[in-house]
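See below for the structure under consideration.
Every number for a ligand or one of its atoms is a count from 1 in the order of the listing. Every value quoted in this text rests on a predicted model; they were computed, and no experiment measured them.
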Amino acid sequence: MKIGIGSDHGGFELKEYIKEYLDGIGVECVDYGTYSSDSVDYPDYGKKVAEAVVAKEVDRAIAICGTGIGISISCNKVKGIRCALCGDTYSARMSREHNDANILALGGRVVGKDLALEIVAAWLNAEFAGGRHGRRVKKISEIEL
Ligand code: RB5
């Protein structure tokens with residue numbers, strides 16, 4: 001599985017920490033920036049990771065800003081994206097099983113680093129359950145038309 005990752009300055013530190021973790025567990029990761037803690041605008045990075053997922057450059061992605069709110073809103077503006085902002089492992093797992101979330105958003109100034117890794121692990125290891133959830137996710141896509 002190839003994972004894209006992107007953040008603004010508020011998520012930069014957590015992005016680097018998650019990259020090390022993904023490297024350690026052998027998950028290939030493409031970094032879409034930002035590449036320093038200099039101030040940038042989160043919509044630019046939300047757009048980059050979301051477009052990478054839609055273009056199938058990566059299978060799924062992780063998007064981080066200070067709260068996770070701005071970047072998740074930005075990602076969800078891109079057609080085909082289901083970005084879930086998660087602060088706990090249960091929501092992360094359910095966002096895959098029930099919502100087929102293709103981007104996980106995190107708040108770099110909200111979640112502790114080790115909790116963030118547990119959230120990432122729960123999200124990476126969970127699969128979409130399909131069935132009745134497929135019908136609901138299809139209805140989400142229909143809203144985009
Ligand atoms: C940047 O200061 C901050 O607004 C951003 O990282 C994010 O929290 C926005 O939702």
Side-chain angles (χ1 to χ4, degrees), residues 1-129 133 136-145:
M1 182 167 34
K2 201 194 256 193
I3 294 292
I5 194 163
S7 76
D8 73 352
H9 53 288
F12 174 69
E13 212 179 296
L14 182 57
K15 173 168 72 67
E16 298 305 300
Y17 196 68
I18 290 173
K19 274 167 56 186
E20 266 180 47
Y21 167 72
L22 293 176
D23 190 48
I25 60 169
V27 172
E28 194 183 347
C29 175
V30 182
D31 186 352
Y32 291 93
T34 184
Y35 303 112
S36 79
S37 53
D38 293 348
S39 184
V40 292
D41 298 335
Y42 59 79
D44 297 336
Y45 296 90
K47 185 169 185 275
K48 275 182 206 226
V49 292
E51 289 180 343
V53 170
V54 169
K56 296 192 191 309
E57 282 172 33
V58 291
D59 299 300
R60 293 193 238 151
I62 298 169
I64 314 163
C65 67
T67 58
I69 296 171
I71 205 158
S72 62
I73 292 172
S74 306
C75 288
N76 277 318
K77 295 292 179 191
V78 175
K79 191 173 174 183
I81 292 303
R82 290 174 302 280
C83 175
L85 170 58
C86 297
D88 64 273
T89 57
Y90 176 76
S91 299
R93 179 167 67 80
M94 296 308 273
S95 79
R96 289 289 307 135
E97 291 184 2
H98 286 194
N99 315 116
D100 199 16
N102 47 14
I103 300 186
L104 168 69
L106 296 166
R109 294 172 181 158
V110 179
V111 288
K113 283 182 176 169
D114 292 336
L115 173 59
L117 295 190
E118 292 197 18
I119 292 170
V120 167
W123 189 75
L124 288 179
N125 293 326
E127 287 304 329
F128 182 47
H133 304 295
R136 292 162 186 165
V137 168
K138 187 166 168 278
K139 287 190 178 188
I140 295 176
S141 306
E142 286 164 3
I143 297 171
E144 292 175 329
L145 299 176

What side-chain donor-acceptor pairs closer than 3.5 Å can you find for residues 114-129, not counting sequence neighbours?
from   : atom 1 : to     : atom 2 : distance (Å)
Asp114 : OD1    : Tyr17  : OH     : 2.9
Trp123 : NE1    : Ser95  : OG     : 3.4
Asn125 : ND2    : Ala121 : O      : 3.1
Glu127 : OE1    : Arg96  : NH2    : 3.4

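Sorted by chain and number, the heavy-atom contacts of ligand 1 below 4.0 Å come from Asp8, His9, Tyr42, Cys65, Gly66, Thr67, Gly70, Arg109.
For the atom pair CE of Met94 and CG of Asp88, the computed distance is 11.0 Å after rounding to the nearest 0.5 Å. Remark: Cys65 SG to Leu14 CG distance equals 11.0 Å, nearest 0.5 Å.
Here the side chain of Asn102 pairs a donor or acceptor atom with the backbone of Gly80 at under 3.5 angstrom.
Annotation: salt bridge (Lys or Arg N to Asp or Glu O under 4.0 Å) contacts of Glu13 (sequence neighbours excluded): Lys113.
Within the structure, every pair that satisfies the side chain to side chain donor-acceptor pair (under 3.5 Å) test and touches residues 55-82, not counting sequence neighbours, is listed here: Tyr32-Glu57, Arg82-Asp100.
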